[in-house]
2 protein chains.
Amino acid sequence: MRRIEKPRKLPRQQRAQMTVDAILDAAARILSGDGYPAMSTNRVAELAGVSVGSLYQYFPNKDALVAALHERHGRQIHELLDVALRETEGSSLRAVVTALVRAALQGHLIDPQLHRVLEAEFPFFDAPVAEGNDHLDVHARLRARLAEHRAEIAPRDLDLANYIVRTTVQTMVHAAVIDPPAAFTTAQLETSIIDLVMGYLQPATLRTPMRARRASA
Amino acid sequence: MRRIEKPRKLPRQQRAQMTVDAILDAAARILSGDGYPAMSTNRVAELAGVSVGSLYQYFPNKDALVAALHERHGRQIHELLDVALRETEGSSLRAVVTALVRAALQGHLIDPQLHRVLEAEFPFFDAPVAEGNDHLDVHARLRARLAEHRAEIAPRDLDLANYIVRTTVQTMVHAAVIDPPAAFTTAQLETSIIDLVMGYLQPATLRTPMRARRASA
DNA sequence: AGGGAACACGAGTCATTGCTCGTATTATTG
DNA sequence: CAATAATACGAGCAATGACTCGTGTTCCCT
(Lines give C-alpha, C1' and ligand atoms only; values in the text may rest on other atoms or scores of the structure.)
Protein backbone atom coordinates (compact mmCIF):
# COMPACT_ATOMS: atom_id res chain seq x y z
CA MET A 1 0.00 0.00 0.00
CA ARG A 2 2.77 2.40 0.87
CA ARG A 3 4.72 2.56 -2.33
CA ILE A 4 7.74 4.74 -2.12
CA GLU A 5 9.27 4.78 -5.54
CA LYS A 6 12.09 6.86 -6.75
CA PRO A 7 11.15 10.28 -8.05
CA ARG A 8 9.96 10.15 -11.59
CA LYS A 9 12.38 12.84 -12.58
CA LEU A 10 15.27 14.51 -10.83
CA PRO A 11 15.35 18.31 -10.86
CA ARG A 12 18.23 19.37 -13.09
CA GLN A 13 17.69 23.09 -13.32
CA GLN A 14 17.51 25.59 -10.50
CA ARG A 15 13.91 26.51 -11.09
CA ALA A 16 13.03 22.83 -10.80
CA GLN A 17 14.74 22.69 -7.45
CA MET A 18 12.78 25.76 -6.41
CA THR A 19 9.59 23.97 -7.37
CA VAL A 20 10.51 20.90 -5.39
CA ASP A 21 11.35 22.99 -2.34
CA ALA A 22 8.13 24.95 -2.62
CA ILE A 23 6.17 21.71 -2.77
CA LEU A 24 7.98 20.31 0.23
CA ASP A 25 7.44 23.48 2.23
CA ALA A 26 3.77 23.63 1.35
CA ALA A 27 3.31 20.01 2.29
CA ALA A 28 5.02 20.60 5.60
CA ARG A 29 2.81 23.57 6.38
CA ILE A 30 -0.41 21.75 5.60
CA LEU A 31 0.68 18.63 7.38
CA SER A 32 1.71 20.47 10.52
CA GLY A 33 -1.29 22.78 10.39
CA ASP A 34 -4.20 20.60 9.44
CA GLY A 35 -2.88 17.06 9.58
CA TYR A 36 -2.49 14.29 7.09
CA PRO A 37 -6.13 13.82 6.04
CA ALA A 38 -6.31 17.49 5.04
CA MET A 39 -3.25 17.20 2.86
CA SER A 40 -4.48 16.64 -0.68
CA THR A 41 -2.00 16.82 -3.50
CA ASN A 42 -4.10 19.50 -5.16
CA ARG A 43 -3.98 21.64 -2.04
CA VAL A 44 -0.25 21.18 -1.68
CA ALA A 45 0.29 22.23 -5.28
CA GLU A 46 -1.97 25.23 -4.87
CA LEU A 47 -0.24 26.43 -1.71
CA ALA A 48 3.13 25.85 -3.32
CA GLY A 49 2.06 27.96 -6.27
CA VAL A 50 2.60 25.22 -8.81
CA SER A 51 0.32 22.83 -10.63
CA VAL A 52 -0.49 19.28 -9.64
CA GLY A 53 1.22 18.13 -12.77
CA SER A 54 4.48 19.62 -11.62
CA LEU A 55 4.14 17.90 -8.30
CA TYR A 56 3.77 14.53 -9.96
CA GLN A 57 6.80 15.21 -12.09
CA TYR A 58 9.00 14.93 -9.02
CA PHE A 59 7.00 12.74 -6.68
CA PRO A 60 5.54 9.53 -8.08
CA ASN A 61 2.75 9.56 -5.51
CA LYS A 62 1.55 11.15 -2.34
CA ASP A 63 3.39 8.78 -0.06
CA ALA A 64 6.69 9.59 -1.69
CA LEU A 65 6.06 13.22 -0.88
CA VAL A 66 5.47 12.53 2.77
CA ALA A 67 8.45 10.21 2.82
CA ALA A 68 10.67 12.93 1.42
CA LEU A 69 9.41 15.27 4.10
CA HIS A 70 10.09 12.68 6.74
CA GLU A 71 13.58 12.22 5.48
CA ARG A 72 14.29 15.93 5.44
CA HIS A 73 12.97 16.39 8.95
CA GLY A 74 14.82 13.31 10.18
CA ARG A 75 18.09 14.65 8.83
CA GLN A 76 17.69 17.91 10.71
CA ILE A 77 17.07 16.21 14.03
CA HIS A 78 19.79 13.74 13.44
CA GLU A 79 22.31 16.41 12.71
CA LEU A 80 21.78 17.88 16.15
CA LEU A 81 22.17 14.57 17.90
CA ASP A 82 25.26 13.73 15.96
CA VAL A 83 26.94 17.02 16.78
CA ALA A 84 26.05 16.68 20.44
CA LEU A 85 27.60 13.24 20.61
CA ARG A 86 30.69 14.23 18.70
CA GLU A 87 31.33 17.28 20.83
CA THR A 88 31.12 15.40 24.09
CA GLU A 89 33.88 12.94 23.32
CA GLY A 90 35.96 12.74 26.46
CA SER A 91 33.38 14.56 28.57
CA SER A 92 31.82 13.21 31.72
CA LEU A 93 28.94 10.81 31.44
CA ARG A 94 26.54 13.40 32.80
CA ALA A 95 27.75 15.90 30.21
CA VAL A 96 27.08 13.40 27.45
CA VAL A 97 23.57 12.67 28.64
CA THR A 98 22.83 16.34 29.16
CA ALA A 99 23.99 17.22 25.66
CA LEU A 100 21.97 14.37 24.22
CA VAL A 101 18.76 15.41 25.94
CA ARG A 102 19.25 19.06 25.02
CA ALA A 103 19.85 18.18 21.38
CA ALA A 104 16.77 15.99 21.25
CA LEU A 105 14.72 18.73 22.86
CA GLN A 106 16.02 21.28 20.40
CA GLY A 107 15.28 18.99 17.49
CA HIS A 108 11.74 18.37 18.55
CA LEU A 109 11.14 22.08 18.92
CA ILE A 110 11.91 22.79 15.25
CA ASP A 111 8.36 21.97 14.27
CA PRO A 112 6.56 19.98 16.96
CA GLN A 113 3.33 19.70 15.02
CA LEU A 114 5.01 18.40 11.91
CA HIS A 115 7.01 15.99 13.98
CA ARG A 116 3.88 14.78 15.69
CA VAL A 117 2.03 14.07 12.45
CA LEU A 118 5.06 12.54 10.78
CA GLU A 119 5.68 10.12 13.62
CA ALA A 120 2.02 9.25 13.80
CA GLU A 121 1.55 8.53 10.11
CA PHE A 122 4.97 7.19 9.29
CA PRO A 123 6.61 5.85 12.44
CA PHE A 124 10.36 6.10 12.61
CA PHE A 125 10.91 2.44 11.91
CA ASP A 126 9.17 2.81 8.59
CA ALA A 127 11.52 5.63 7.76
CA PRO A 128 13.24 5.57 4.38
CA VAL A 129 16.54 3.78 4.20
CA ALA A 130 18.47 6.98 3.72
CA GLU A 131 17.83 7.74 7.37
CA GLY A 132 19.07 4.31 8.28
CA ASN A 133 22.66 5.25 7.71
CA ASP A 134 22.28 8.28 9.90
CA HIS A 135 20.61 6.27 12.59
CA LEU A 136 23.50 3.91 12.61
CA ASP A 137 25.82 6.83 13.09
CA VAL A 138 24.02 8.06 16.17
CA HIS A 139 23.74 4.51 17.34
CA ALA A 140 27.44 3.91 16.97
CA ARG A 141 28.43 7.26 18.36
CA LEU A 142 26.36 6.88 21.49
CA ARG A 143 27.77 3.43 21.95
CA ALA A 144 31.26 4.89 21.78
CA ARG A 145 30.41 7.44 24.46
CA LEU A 146 28.98 4.71 26.68
CA ALA A 147 32.04 2.57 26.11
CA GLU A 148 34.24 5.42 27.30
CA HIS A 149 32.44 5.26 30.63
CA ARG A 150 31.99 1.53 30.76
CA ALA A 151 33.49 1.30 34.24
CA GLU A 152 31.00 3.78 35.69
CA ILE A 153 27.83 2.32 34.32
CA ALA A 154 25.85 -0.58 35.69
CA PRO A 155 24.34 -2.27 32.64
CA ARG A 156 26.71 -4.91 31.35
CA ASP A 157 25.26 -5.12 27.89
CA LEU A 158 26.28 -1.91 26.17
CA ASP A 159 23.95 -2.52 23.28
CA LEU A 160 21.02 -2.90 25.60
CA ALA A 161 22.05 0.23 27.50
CA ASN A 162 22.38 2.01 24.18
CA TYR A 163 18.86 1.02 23.20
CA ILE A 164 17.36 2.02 26.53
CA VAL A 165 19.11 5.38 26.60
CA ARG A 166 18.20 6.23 23.02
CA THR A 167 14.61 5.14 23.38
CA THR A 168 14.17 6.89 26.70
CA VAL A 169 15.50 10.18 25.45
CA GLN A 170 13.54 9.98 22.25
CA THR A 171 10.19 9.01 23.69
CA MET A 172 10.36 11.19 26.78
CA VAL A 173 11.35 14.27 24.84
CA HIS A 174 8.65 13.49 22.34
CA ALA A 175 6.05 13.22 25.08
CA ALA A 176 7.25 16.38 26.79
CA VAL A 177 7.12 18.43 23.61
CA ILE A 178 4.04 17.03 21.91
CA ASP A 179 1.84 16.85 24.98
CA PRO A 180 3.49 19.25 27.42
CA PRO A 181 2.17 18.88 30.96
CA ALA A 182 1.08 22.32 32.04
CA ALA A 183 2.19 21.82 35.61
CA PHE A 184 5.91 21.65 34.88
CA THR A 185 8.47 23.88 33.23
CA THR A 186 10.63 22.77 30.35
CA ALA A 187 13.66 23.04 32.61
CA GLN A 188 12.07 20.70 35.13
CA LEU A 189 11.31 18.17 32.44
CA GLU A 190 14.78 18.41 30.97
CA THR A 191 16.37 17.81 34.36
CA SER A 192 14.03 14.93 35.06
CA ILE A 193 14.86 13.18 31.82
CA ILE A 194 18.56 13.58 32.48
CA ASP A 195 18.09 12.20 35.98
CA LEU A 196 16.08 9.35 34.56
CA VAL A 197 18.82 8.29 32.20
CA MET A 198 21.59 8.86 34.71
CA GLY A 199 19.71 6.84 37.30
CA TYR A 200 19.54 3.97 34.88
CA LEU A 201 23.23 4.10 34.06
CA GLN A 202 24.35 4.68 37.64
CA PRO A 203 21.76 3.24 39.99
CA ALA A 204 21.96 2.98 43.79
CA THR A 205 21.30 -0.73 43.91
CA LEU A 206 24.32 -1.99 42.07
CA ARG A 207 23.99 -5.02 39.89
CA THR A 208 25.57 -8.26 41.00
CA PRO A 209 28.55 -8.08 38.66
CA MET A 210 29.39 -4.59 39.86
CA ARG A 211 29.17 -5.59 43.46
CA ALA A 212 31.33 -8.61 42.80
CA ARG A 213 33.83 -6.47 40.96
CA ARG A 214 34.02 -3.97 43.77
CA ALA A 215 34.20 -6.66 46.45
CA SER A 216 37.09 -8.33 44.72
CA ALA A 217 39.00 -5.07 44.38
CA MET B 1 -13.21 17.90 11.98
CA ARG B 2 -13.35 15.08 14.46
CA ARG B 3 -16.97 15.03 15.45
CA ILE B 4 -17.71 12.50 18.09
CA GLU B 5 -21.41 12.68 18.67
CA LYS B 6 -23.46 10.42 20.80
CA PRO B 7 -24.72 7.27 19.10
CA ARG B 8 -27.80 7.96 17.07
CA LYS B 9 -29.64 5.17 18.77
CA LEU B 10 -28.87 2.98 21.72
CA PRO B 11 -29.25 -0.78 21.25
CA ARG B 12 -32.25 -1.87 23.28
CA GLN B 13 -32.63 -5.46 22.18
CA GLN B 14 -30.07 -8.23 22.36
CA ARG B 15 -29.73 -8.66 18.63
CA ALA B 16 -28.92 -4.96 18.40
CA GLN B 17 -26.13 -5.41 20.93
CA MET B 18 -24.85 -8.34 18.89
CA THR B 19 -24.79 -6.11 15.84
CA VAL B 20 -22.87 -3.41 17.67
CA ASP B 21 -20.34 -5.90 18.97
CA ALA B 22 -19.90 -7.45 15.54
CA ILE B 23 -19.27 -4.01 14.07
CA LEU B 24 -16.76 -3.16 16.76
CA ASP B 25 -14.93 -6.44 16.33
CA ALA B 26 -14.82 -6.10 12.57
CA ALA B 27 -13.53 -2.56 12.86
CA ALA B 28 -10.81 -3.70 15.26
CA ARG B 29 -9.72 -6.47 12.92
CA ILE B 30 -9.48 -4.24 9.89
CA LEU B 31 -7.81 -1.46 11.81
CA SER B 32 -5.22 -3.72 13.34
CA GLY B 33 -4.73 -5.66 10.13
CA ASP B 34 -4.68 -3.08 7.39
CA GLY B 35 -4.62 0.25 9.17
CA TYR B 36 -6.90 3.22 9.31
CA PRO B 37 -6.94 4.20 5.61
CA ALA B 38 -8.12 0.72 4.69
CA MET B 39 -10.99 0.89 7.11
CA SER B 40 -14.02 1.97 5.11
CA THR B 41 -17.41 1.80 6.72
CA ASN B 42 -18.65 -0.43 3.92
CA ARG B 43 -15.84 -2.87 4.53
CA VAL B 44 -16.46 -2.90 8.26
CA ALA B 45 -20.14 -3.60 7.72
CA GLU B 46 -19.39 -6.36 5.25
CA LEU B 47 -16.90 -8.09 7.56
CA ALA B 48 -19.31 -7.70 10.44
CA GLY B 49 -22.02 -9.34 8.37
CA VAL B 50 -24.39 -6.41 8.63
CA SER B 51 -25.35 -3.61 6.30
CA VAL B 52 -23.91 -0.11 6.27
CA GLY B 53 -27.28 1.18 7.26
CA SER B 54 -27.16 -0.78 10.48
CA LEU B 55 -23.74 0.58 11.22
CA TYR B 56 -24.97 4.14 10.91
CA GLN B 57 -27.86 3.40 13.19
CA TYR B 58 -25.49 3.06 16.13
CA PHE B 59 -22.53 5.18 15.09
CA PRO B 60 -23.25 8.67 13.77
CA ASN B 61 -20.04 8.66 11.74
CA LYS B 62 -16.79 6.88 11.19
CA ASP B 63 -14.91 8.77 13.86
CA ALA B 64 -17.42 7.79 16.50
CA LEU B 65 -16.77 4.20 15.61
CA VAL B 66 -13.04 4.56 16.07
CA ALA B 67 -13.61 6.51 19.27
CA ALA B 68 -15.75 3.72 20.67
CA LEU B 69 -13.01 1.28 19.81
CA HIS B 70 -10.45 3.47 21.47
CA GLU B 71 -12.53 3.69 24.58
CA ARG B 72 -13.05 -0.04 24.76
CA HIS B 73 -9.37 -0.75 24.32
CA GLY B 74 -8.41 1.98 26.78
CA ARG B 75 -10.65 0.49 29.42
CA GLN B 76 -9.01 -2.90 29.09
CA ILE B 77 -5.51 -1.53 29.51
CA HIS B 78 -6.55 0.71 32.30
CA GLU B 79 -8.16 -2.08 34.23
CA LEU B 80 -4.84 -3.88 34.37
CA LEU B 81 -2.95 -0.86 35.60
CA ASP B 82 -5.54 -0.10 38.21
CA VAL B 83 -5.50 -3.61 39.59
CA ALA B 84 -1.72 -3.66 39.67
CA LEU B 85 -1.62 -0.44 41.64
CA ARG B 86 -4.35 -1.50 44.03
CA GLU B 87 -2.79 -4.86 44.77
CA THR B 88 0.58 -3.40 45.61
CA GLU B 89 -0.61 -1.17 48.39
CA GLY B 90 1.89 -1.58 51.21
CA SER B 91 4.37 -3.41 49.00
CA SER B 92 7.94 -2.34 48.44
CA LEU B 93 8.67 0.36 45.91
CA ARG B 94 10.32 -2.12 43.61
CA ALA B 95 7.28 -4.36 43.79
CA VAL B 96 5.05 -1.47 42.82
CA VAL B 97 7.18 -0.54 39.84
CA THR B 98 7.50 -4.15 38.75
CA ALA B 99 3.76 -4.67 38.89
CA LEU B 100 3.20 -1.46 36.98
CA VAL B 101 5.57 -2.38 34.19
CA ARG B 102 4.20 -5.92 33.96
CA ALA B 103 0.63 -4.64 33.75
CA ALA B 104 1.52 -2.13 31.05
CA LEU B 105 3.34 -4.84 29.11
CA GLN B 106 0.41 -7.18 29.42
CA GLY B 107 -1.99 -4.49 28.30
CA HIS B 108 0.03 -3.65 25.25
CA LEU B 109 0.20 -7.29 24.28
CA ILE B 110 -3.59 -7.63 24.01
CA ASP B 111 -3.51 -6.33 20.46
CA PRO B 112 -0.28 -4.49 19.67
CA GLN B 113 -1.27 -3.62 16.14
CA LEU B 114 -4.59 -2.18 17.14
CA HIS B 115 -2.93 -0.25 19.92
CA ARG B 116 -0.38 1.10 17.51
CA VAL B 117 -2.95 2.39 15.05
CA LEU B 118 -5.22 3.73 17.74
CA GLU B 119 -2.47 5.73 19.40
CA ALA B 120 -1.29 7.02 16.06
CA GLU B 121 -4.65 8.23 14.81
CA PHE B 122 -6.18 9.23 18.10
CA PRO B 123 -3.42 10.02 20.58
CA PHE B 124 -4.14 9.30 24.20
CA PHE B 125 -4.68 12.92 25.10
CA ASP B 126 -7.46 13.14 22.54
CA ALA B 127 -9.10 10.17 24.17
CA PRO B 128 -12.81 10.41 24.92
CA VAL B 129 -13.74 11.85 28.28
CA ALA B 130 -14.90 8.53 29.60
CA GLU B 131 -11.28 7.49 29.76
CA GLY B 132 -10.44 10.69 31.60
CA ASN B 133 -11.96 9.50 34.81
CA ASP B 134 -10.03 6.29 34.61
CA HIS B 135 -6.85 8.14 33.90
CA LEU B 136 -7.33 10.19 36.99
CA ASP B 137 -7.74 7.01 38.94
CA VAL B 138 -4.43 5.60 37.80
CA HIS B 139 -2.88 8.98 38.31
CA ALA B 140 -4.15 9.24 41.85
CA ARG B 141 -3.41 5.66 42.70
CA LEU B 142 0.18 5.83 41.52
CA ARG B 143 0.61 9.02 43.47
CA ALA B 144 -0.61 7.24 46.58
CA ARG B 145 1.92 4.47 46.09
CA LEU B 146 4.69 7.00 45.62
CA ALA B 147 3.58 8.87 48.72
CA GLU B 148 3.85 5.69 50.73
CA HIS B 149 7.52 5.57 49.85
CA ARG B 150 8.16 9.27 49.95
CA ALA B 151 11.13 8.85 52.30
CA GLU B 152 12.91 6.48 49.91
CA ILE B 153 12.57 8.43 46.72
CA ALA B 154 14.73 11.26 45.54
CA PRO B 155 12.39 13.53 43.55
CA ARG B 156 10.89 16.10 45.88
CA ASP B 157 7.91 16.91 43.69
CA LEU B 158 5.65 13.89 43.82
CA ASP B 159 3.53 15.13 40.95
CA LEU B 160 6.55 15.48 38.75
CA ALA B 161 7.76 12.04 39.78
CA ASN B 162 4.31 10.70 39.03
CA TYR B 163 4.39 12.16 35.54
CA ILE B 164 7.87 10.89 34.80
CA VAL B 165 7.13 7.38 36.04
CA ARG B 166 3.85 7.12 34.17
CA THR B 167 5.25 8.51 30.95
CA THR B 168 8.36 6.39 31.12
CA VAL B 169 6.47 3.16 31.65
CA GLN B 170 3.93 3.99 29.00
CA THR B 171 6.31 5.11 26.27
CA MET B 172 8.99 2.53 26.91
CA VAL B 173 6.57 -0.35 26.98
CA HIS B 174 4.95 1.01 23.87
CA ALA B 175 8.28 1.19 22.07
CA ALA B 176 9.30 -2.27 23.24
CA VAL B 177 6.08 -3.88 22.06
CA ILE B 178 5.39 -1.97 18.88
CA ASP B 179 8.92 -1.98 17.54
CA PRO B 180 10.60 -4.81 19.40
CA PRO B 181 14.37 -4.78 19.04
CA ALA B 182 15.34 -8.21 17.79
CA ALA B 183 18.53 -8.28 19.83
CA PHE B 184 16.87 -8.40 23.24
CA THR B 185 14.39 -10.63 24.98
CA THR B 186 11.18 -9.38 26.51
CA ALA B 187 12.53 -10.26 29.93
CA GLN B 188 15.60 -8.12 29.33
CA LEU B 189 13.48 -5.20 28.27
CA GLU B 190 11.13 -5.59 31.21
CA THR B 191 14.02 -5.62 33.65
CA SER B 192 15.59 -2.64 31.96
CA ILE B 193 12.45 -0.56 32.18
CA ILE B 194 12.08 -1.43 35.85
CA ASP B 195 15.70 -0.48 36.45
CA LEU B 196 15.16 2.72 34.55
CA VAL B 197 12.27 3.80 36.74
CA MET B 198 13.90 2.61 39.94
CA GLY B 199 17.09 4.42 39.06
CA TYR B 200 15.12 7.61 38.69
CA LEU B 201 13.34 7.21 42.01
CA GLN B 202 16.40 6.02 43.90
CA PRO B 203 19.49 7.42 42.26
CA ALA B 204 23.06 6.96 43.45
CA THR B 205 23.14 10.28 45.26
CA LEU B 206 20.50 9.03 47.63
CA ARG B 207 22.54 6.02 48.56
CA THR B 208 24.67 7.60 51.25
CA PRO B 209 21.84 8.92 53.43
CA MET B 210 19.91 5.71 52.96
CA ARG B 211 22.77 3.54 54.03
CA ALA B 212 23.47 5.84 56.95
CA ARG B 213 19.82 5.62 57.94
CA ARG B 214 19.86 1.89 57.75
CA ALA B 215 23.18 1.66 59.61
CA SER B 216 21.82 3.75 62.44
CA ALA B 217 18.79 1.50 62.83
C1' DA C 1 19.35 30.87 -34.16
C1' DG C 2 17.04 26.79 -33.43
C1' DG C 3 16.05 22.42 -31.88
C1' DG C 4 15.61 19.32 -28.34
C1' DA C 5 15.18 18.61 -23.51
C1' DA C 6 13.52 19.97 -19.22
C1' DC C 7 9.85 22.18 -16.98
C1' DA C 8 5.22 23.75 -16.07
C1' DC C 9 0.37 23.64 -16.65
C1' DG C 10 -4.57 22.23 -15.12
C1' DA C 11 -8.96 20.45 -16.81
C1' DG C 12 -10.56 16.09 -16.66
C1' DT C 13 -10.78 10.90 -15.48
C1' DC C 14 -11.78 7.30 -12.54
C1' DA C 15 -12.19 5.02 -8.42
C1' DT C 16 -13.29 5.39 -3.70
C1' DT C 17 -16.09 6.24 0.23
C1' DG C 18 -18.87 8.40 3.85
C1' DC C 19 -23.40 8.46 4.43
C1' DT C 20 -28.80 8.70 3.38
C1' DC C 21 -33.31 7.06 2.94
C1' DG C 22 -37.08 4.43 1.55
C1' DT C 23 -38.31 -0.17 2.43
C1' DA C 24 -38.56 -4.77 4.51
C1' DT C 25 -38.30 -7.69 8.60
C1' DT C 26 -38.48 -8.87 13.44
C1' DA C 27 -39.58 -7.99 18.26
C1' DT C 28 -42.57 -6.00 21.91
C1' DT C 29 -46.73 -4.38 23.79
C1' DG C 30 -51.69 -3.73 24.94
C1' DC D 1 -53.27 -10.31 17.12
C1' DA D 2 -53.04 -5.91 15.62
C1' DA D 3 -50.20 -1.95 16.16
C1' DT D 4 -46.11 0.19 17.03
C1' DA D 5 -41.47 0.45 17.88
C1' DA D 6 -36.96 -1.40 16.98
C1' DT D 7 -33.87 -3.34 13.89
C1' DA D 8 -31.96 -4.46 9.46
C1' DC D 9 -31.22 -3.77 4.70
C1' DG D 10 -28.44 -1.99 0.51
C1' DA D 11 -28.72 0.60 -3.85
C1' DG D 12 -27.32 4.90 -4.83
C1' DC D 13 -25.99 9.93 -4.16
C1' DA D 14 -22.64 13.43 -3.73
C1' DA D 15 -18.23 14.67 -2.73
C1' DT D 16 -13.53 14.03 -2.69
C1' DG D 17 -9.06 13.26 -4.20
C1' DA D 18 -5.07 10.81 -6.38
C1' DC D 19 -3.27 10.89 -10.61
C1' DT D 20 -2.92 11.42 -16.18
C1' DC D 21 -1.92 13.51 -20.40
C1' DG D 22 -1.93 16.60 -24.09
C1' DT D 23 -0.24 21.09 -24.57
C1' DG D 24 2.29 25.30 -23.85
C1' DT D 25 6.63 27.54 -22.05
C1' DT D 26 11.42 28.13 -20.69
C1' DC D 27 16.07 26.76 -20.65
C1' DC D 28 20.43 24.89 -22.46
C1' DC D 29 23.64 23.62 -25.97
C1' DT D 30 25.91 23.85 -30.30
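Residue numbering restarts at 1 for every chain, and letters A, B, ... go by the order of the sequence lines. Only a predicted model underlies this, so the values are computations on that prediction, with no experimental measurement involved.
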Per [X] side chain, nearest of listed nucleotides [options]:
X	options	result
B:Tyr56	C:dC19, D:dT7, D:dT20	C:dC19
B:Tyr58	D:dT7, D:dA18, C:dC7	D:dT7
B:Val50	C:dG10, D:dA18, D:dC9	D:dC9

**Study point:** Sugar-phosphate, base or nothing in reach of A:Arg15, heavy atoms under 4.0 Å
**Key:** base

Exercise for review: Could you check whether A:Met39 gets within reach of a base, just the sugar-phosphate, or nothing at all, counting any heavy atom under 4.0 Å?
Suggested key: sugar-phosphate

Report the distance from atom [atom1] of [X] to atom [atom2] of [N], rounded to the nearest whole Å.
X	N	atom1	atom2	value
B:Leu55	D:dC9	CG	C1'	13 Å
A:Arg43	D:dG17	CZ	P	9 Å
B:Leu65	C:dC19	CG	P	10 Å
B:Lys62	D:dT16	NZ	C1'	13 Å
A:Glu46	D:dA18	CD	C1'	16 Å
B:Arg12	C:dT29	CZ	P	11 Å
B:Gln13	D:dA6	CD	P	8 Å
B:Gln57	D:dC9	CD	P	10 Å

Check your understanding: Are more than 12 heavy atoms from other residues, nucleotides or ligands located less than 6.0 Å from atom CZ of B:Arg72?
Key -> yes

Check your understanding: Within a radius of less than 6.0 Å around CZ of A:Arg86, do more than 12 heavy atoms belonging to other residues, nucleotides or ligands occur?
Key -> yes

Review point. Are the charged groups of B:Arg75 and B:Glu71 less than 4.0 angstrom apart, N to O?
Key: yes

**Study point:** Cationic N near anionic O, under 4.0 Å, B:Asp179 to B:Arg116
**Key:** no

Exercise for review: Return the orientation label for the A:His73 and A:His115 ring planes: parallel under 30°, perpendicular over 60°, tilted otherwise.
Suggested key: tilted

Point to revise | OP1 or OP2 of D:dT16 under 4.0 Å from side-chain N/O of A:Ser40 | key: no

Check your understanding: Relative to the 5' end of DNA chain D, which residue comes earlier, A:Thr41 or B:Met18, by the nucleotide with the nearest heavy atom?
Key -> B:Met18

Practice item. Identify, between B:Pro11 and B:Asn42, the residue whose nearest nucleotide on DNA chain D lies closer to the 5' end. Key: B:Pro11

